[in-house]
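Here the structure comes first, spelled out in structure tokens, and everything after it is commentary.
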Amino acid sequence: MSWRARLAELGIELPEMVAPLAAYVPAVRTGDLVYTSGQLPMQGGKLARHGKVGAEVSPEDAYALARICALNALAAVDALVGLGSVTRVVKVVGFVASGPNFNGQPAVINGASELLGEVFGEAGAHARSAVGVSELPLDAPVEVELIVEIRAAAG
């Protein structure tokens with residue numbers, strides 16, 4: 001089954017790739033790896049939520065936002081090499097803009113990790129970092145970046 005078919009089976013639509021907000025590209029390929037830039041929870045060209053997790057944003061809402069970030073990262077991969085080229089997810093790095101005394105960053109980034117597991121199965125098992133930070137761009141609550149392995153180029 002293709003990854004796109006798996007997304008459809010899950011009732012998930014891959015969004016349009018989010019245009020860069022500054023001087024960078026959404027994804028870069030080197031060898032058999034694709035690195036995405038950090039992806040915010042953008043929907044329809046706008047940030048889905050603002051604020052700090054554990055203050056203005058609940059951990060449950062932040063979990064859902066991390067899923068959006070992961071989908072945006074997959075859209076960046078798709079735009080660069082095609083989602084069908086992905087052979088496995090290697091690493092997820094998640095940043096959580098955290099309110100005072102909030103230390104549930106791993107549970108928030110599970111939103112991204114669990115989505116990748118749903119889509120890719122065993123190929124979605126990955127190494128991960130979940131980091132609490134004081135601020136993210138545009139006052140976003142969550143940011144996620146991916147490293148994925150892709151099929152070797154023919155030749």
Side-chain angles (χ1 to χ4, degrees), residues 3 7 10-81 83 86-150:
W3 303 134
L7 283 168
L10 293 168
I12 299 170
E13 188 173 323
L14 195 63
E16 293 283 323
M17 183 183 67
V18 176
L21 302 174
Y24 62 89
V25 294
V28 172
R29 176 182 179 171
T30 182
D32 296 339
L33 298 174
V34 172
Y35 292 74
T36 70
S37 295
Q39 298 293 313
L40 301 177
M42 303 290 283
Q43 289 184 306
K46 295 190 294 190
L47 194 63
R49 288 286 304 272
H50 297 269
K52 307 268 186 296
V53 180
E56 301 89 1
V57 178
S58 73
E60 297 78 18
D61 287 347
Y63 172 96
L65 295 169
R67 287 178 69 91
I68 295 168
C69 293
L71 283 171
N72 287 337
L74 291 178
V77 170
D78 187 53
L80 183 66
V81 297
L83 201 56
V86 175
T87 58
R88 76 165 295 123
V89 179
V90 177
K91 182 151 187 188
V92 172
V93 180
F95 302 95
V96 180
S98 302
N101 301 314
F102 180 74
N103 58 11
Q105 293 84 7
V108 169
I109 301 306
N110 278 348
S113 293
E114 291 173 5
L115 171 83
L116 295 167
E118 291 168 21
V119 173
F120 295 104
E122 285 186 30
H126 53 269
R128 186 180 91 176
S129 298
V131 182
V133 298
S134 62
E135 295 285 336
L136 286 170
L138 305 178
D139 194 29
V142 183
E143 182 174 352
V144 171
E145 57 186 55
L146 301 180
I147 302 170
V148 298
E149 182 181 47
I150 57 172

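Here, residue 1 is the first one in the sequence, and each next residue gets the next number.
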Between the main-chain N or O of Ala27 and the side-chain N or O of Ser37, is there a donor-acceptor pair closer than 3.5 Å?
-> no
Which pairs with one or both residues in [range] pass salt bridge (charged side-chain N to carboxylate O under 4.0 Å, His left out), sequence neighbours excluded?
range          : value
residues 37-48 : none
residues 35-44 : none
residues 55-64 : Arg49-Asp61

Flag side-chain contact, heavy atom, 4.5 Å: Val144 against Ile68 = no
Please tell me if the side chains of Leu33 and Val148 come closer than 4.5 Å, counting only heavy atoms from C-beta onward.
-> no
Table please: side-chain donor-acceptor pairs of residues 119-126 below 3.5 Å, with sequence neighbours left out.
unit_1, atom_1, unit_2, atom_2, d
His126, ND1, Gly124, O, 2.6
His126, NE2, Ser113, OG, 2.8

What are the two closest non-hydrogen atoms of [X] and [Y], and how far apart are they?
X      : Y      : answer
Leu40  : Cys69  : C-SG, 3.5 Å
Pro106 : Arg128 : O-NH2, 3.1 Å
Pro41  : Pro141 : CG-CD, 4.4 Å
Gln105 : Val96  : CG-CB, 3.7 Å
Ala76  : Thr36  : CB-CG2, 4.4 Å

Residues in side chain to side chain contact (heavy atoms under 4.5 Å, CB included) with [X], at least two apart?
X      : result
Ala62  : Val53, Val57, Val108, Val142
Val133 : Phe95, Val131, Leu136
Glu135 : Lys52, Asp139

Pairs satisfying ring pair (Phe, Tyr, Trp, His ring centres under 6.0 Å), at least one member in residues 29-63, at least two apart | none
With sequence neighbours excluded, what pairs up with Arg67 under the salt bridge (charged side-chain N to carboxylate O under 4.0 Å, His left out) test?
-> Glu118
In sequence, state the C-alpha distance, the side-chain angles, and the governing distance for Val92 and Ile109, and then conclude on side chain to side chain contact (heavy atoms under 4.5 Å, CB included).
-> CA-CA 9 Å; Val92 172; Ile109 301 306; 4.2 Å; yes
Would Val34 and Ile147 count as a side chain to side chain contact (heavy atoms under 4.5 Å, CB included) if you check the C-alpha gap in whole Å, the side-chain angles of each, and the deciding distance to 0.1 Å?
-> CA-CA 6 Å; Val34 172; Ile147 302 170; over 6 Å; no
Identify, with sequence neighbours excluded, every residue that meets side-chain hydrogen bond (donor to acceptor under 3.5 Å, both in side chains) alongside Gln39.
-> none
What residues form a side-chain hydrogen bond (donor to acceptor under 3.5 Å, both in side chains) with Glu145, not counting sequence neighbours?
-> none
Identify each donor-acceptor pair in which a side-chain atom of residues 10-26 lies under 3.5 Å from a protein atom, sequence neighbours left out, and give them as a table.
unit_1, atom_1, unit_2, atom_2, d
Tyr24, OH, Leu21, N, 3.0

Report the C-alpha separation of Lys91 and Leu146 in whole Å, then their side-chain angles, then the decisive distance to 0.1 Å, and conclude whether the side chain to side chain contact (heavy atoms under 4.5 Å, CB included) test is met.
-> CA-CA 6 Å; Lys91 182 151 187 188; Leu146 301 180; over 6 Å; no
